[in-house]
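All remarks here apply to the structure that follows.
Just so we're clear, the structure is a prediction, and the values are computed from it rather than from any experiment. So that the names make sense, note that chain A is the first sequence line, chain B the second, and so on, each numbered from 1. Because only heavy atoms are used, hydrogens play no part in the values below, and waters and symmetry mates are left out as well, while side chains stay in.
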2 protein chains.
Amino acid sequence: MARLTLEDVGALAGVSRSTVSRVINNAASVRPEVRARVEAVISQTGYVPNAAARSLVSNRTGVIGLVIPSHVSNLFEDPYFARLIQGVTSGAKQISSTLTLFLFESEEEEREVSPRVVESGFLDGVIVTATRPGNSLMRKIAATDLPLVAIGRPGIDGIPYVDVDNRAGAFRAARFLREKNYVRCGFIGGPENTSTGEDRLAGFIDGLAEFGTALPNNLRAFGDFSEGSGYTAMSELLDHSPDAVFAASDGMALGAIRRIQDAGLSIPQDIAVIGFDGFTKAETAQPPLTTLRQPVSATGSKAVEMLHQILRDGSDSVQPEILPVELIHRASA
Amino acid sequence: MARLTLEDVGALAGVSRSTVSRVINNAASVRPEVRARVEAVISQTGYVPNAAARSLVSNRTGVIGLVIPSHVSNLFEDPYFARLIQGVTSGAKQISSTLTLFLFESEEEEREVSPRVVESGFLDGVIVTATRPGNSLMRKIAATDLPLVAIGRPGIDGIPYVDVDNRAGAFRAARFLREKNYVRCGFIGGPENTSTGEDRLAGFIDGLAEFGTALPNNLRAFGDFSEGSGYTAMSELLDHSPDAVFAASDGMALGAIRRIQDAGLSIPQDIAVIGFDGFTKAETAQPPLTTLRQPVSATGSKAVEMLHQILRDGSDSVQPEILPVELIHRASA
DNA sequence: CAACGCGTTAAGAGCGCTCTCTCGACTTTT
DNA sequence: AAAAGTCGAGAGAGCGCTCTTAACGCGTTG
């Protein structure tokens, strides 16, 4: 059977196309009895409005984009993105939108696809994640009038964003370690040119400073959030005998644990370890990892919520949101 | 500035709307000199055709859906899906389509969203993954005329699908263990009502049978592919003293390794372990995991390719594709 | 030189929907 | 009881595009 149109449904219900349209859009000015008749026909026939026709005239597609830039493509296996996508999906469901994913694997791809993404009117708005300050993709999107929400502090003013309180979390980690009287606290950070990397470093330094402690350069090492990079970074730190380490991701913390154990040292007796993320793999680690749990899924749904608000009320109405992180105390520190 | 239309571009180039349309769609019958003039205007103005208007008339949206049913939502953090999504995305890029994600968290959601997914004409086709035989969502989609490709053997006849050769992989694992003279080979399987679960079990049994060995019931245990479930399943097997174990996922293999080590036994001396997946976490395990590497990303892009072929040539033209898996020999077996 | 064919372009219709405008029927007001 | 307002529903326009059809110039042919 060919697909039904509004006109067909109207004919079947003995009303005009306009009336059926009104019923579907829950508009007023339809007698309850007529409405019921139309609804009956709709549910019997299984009529579903044509999305393209609808958005052609309404300029709304019910589609939001989630943009994941190329520089994280190798990190995409990190559960972070899975959770984020789950959060965004569930947020999208709330506002009866669907999610389209823009996953770039090279900067070249970013350049090519961008006009199509942005200009075709195919999207109601986009969420850009894993930004690095000055990311060109974000800058380009921001330059258009496509509604935009960033996940993580964007490098550009005036862009609404959701972030977790990386700074407070790292601060908390430092305080926790100092209160337990660890005196040589090391740090394994994420990439320095990311807001997440910067904030977790800054928060940790501040937290130590609260106790009059500094973070010497030789107790800092950096990775890319992955377990392998944590292992390598820990090797560096080991030369300077820390008695505790705060890693800016659970993955790196796990790498660090492995490195420490490979050195024949035990956790937390010789070196305490704290991670950041709160993923399941932190629970089942040996020893279970003390970590700062960030609400990843909530970040995703919050971003959708903000986007929805912008779509409704305009972008002036929204403020950045900073979601709290929580210290989970387990055996590793 | 308001968005340009074909008409505007035509006016700027001194031609009609139709000609501009022809240029954009690379149709014949446009004089090179006119084409150049139009293209110049397009690139100067940054004109991008309106997606909704386009698909209203052409009945093509350039959007394909990836459906991930509810029963795996708790497994979504498994790198499998990340890789699959990467594969699908890159396949979609090849055919200049975009990917929309349908991620369900409950069966109720599956029911509600399904008409919208399927009937609105919003999708050119869908890829349904992680199917269980008789999955109602798949059945429902198959009943419509929306082009469909399954990932993993679907329970329904006539549906084109891509799968990895689970059976041959498991067969290979059995042969590998028997050739190394392990005599009490245990099995940790996935959910029994999944095609993946079934095939890996059947292949393993066949492989053992090749050497005249049976797989007794007390050397079989089942999990849900997750690490925790592997740990639990291994506990059961331990009571029946296997000297080798084949786990139907790397996650479960890692859980099994942990369980074996917790029992004070060593790998592979006391018990050999083989996994299935070939994910990075298998490499960095202690000991590194021997496993069957399946081409997940390729599975995703292959599925898109098949869908594209169906879109072009009709669904009669495609045959199921079974992608090979590869034994990666490491220290655990 | 009229008739024809061909390549190139314009004009027009129409995809399925939303939204404004209008009109008719009915209710309220004075 | 007539004028005014209110509500319900239909007719029509038009969103921006593709595709069919028609027209137009030009060279070729009998």
Below 4.0 angstrom from OP1 or OP2 of [N], is there any side-chain N or O of [X]?
X: B/Y47; N: D/dG16; value: no
X: A/R54; N: C/dT18; value: yes
X: B/T19; N: C/dA10; value: yes
X: B/S58; N: D/dT18; value: no
X: A/R31; N: D/dA9; value: yes
X: A/S16; N: D/dG10; value: yes
X: B/S21; N: D/dC17; value: no
X: B/R17; N: D/dG16; value: no

Side-chain contact, heavy-atom cut-off 4.5 Å: [X] with [Y]?
X: A/Q294; Y: A/L323; value: no
X: B/L123; Y: B/I64; value: no
X: B/V38; Y: B/V41; value: no

Rounded to the nearest angstrom, tell me the gap between atom [atom1] in [X] and atom [atom2] in [N].
X: A/I24; N: C/dC19; atom1: CD1; atom2: P; value: 12 Å
X: A/L6; N: D/dG12; atom1: CG; atom2: P; value: 17 Å
X: B/E7; N: C/dA10; atom1: CD; atom2: P; value: 11 Å
X: A/R60; N: C/dC19; atom1: CZ; atom2: P; value: 11 Å
X: B/R35; N: C/dG7; atom1: CZ; atom2: P; value: 15 Å
X: B/F122; N: C/dC17; atom1: CZ; atom2: P; value: 16 Å
X: B/N50; N: C/dC15; atom1: CG; atom2: C1'; value: 13 Å

- Task: Test B/T299 against every option in B/V88, B/T129, B/I151 by the side chain to side chain contact (heavy atoms under 4.5 Å, CB included) rule and name the one that passes.
- Result: B/I151
- Message: Whether the side chain of B/N25 engages the backbone of B/A27 through a donor-acceptor N/O pair (distance < 3.5 Å, no angle test) should be reported.
- Response: no
Nearest to the [X] side chain among [options], which nucleotide is it?
X: B/T5; options: D/dC17, C/dT9, D/dG10; value: D/dC17
X: A/V15; options: C/dC17, D/dG10, C/dT9; value: D/dG10
X: B/L56; options: C/dC15, D/dG10, C/dT18; value: C/dC15

Does [X] reach a base, just sugar-phosphate, or nothing at all? Heavy atoms under 4.0 Å.
X: B/N59; answer: nothing
X: B/S18; answer: base
X: B/S29; answer: base

- Query: On DNA chain D, nearest-nucleotide positions of A/R22 versus B/V57: which is more 5'?
  - Reply: A/R22
- Any chance the side chains of A/R54 and A/N59 put a donor and an acceptor closer than 3.5 Å? no
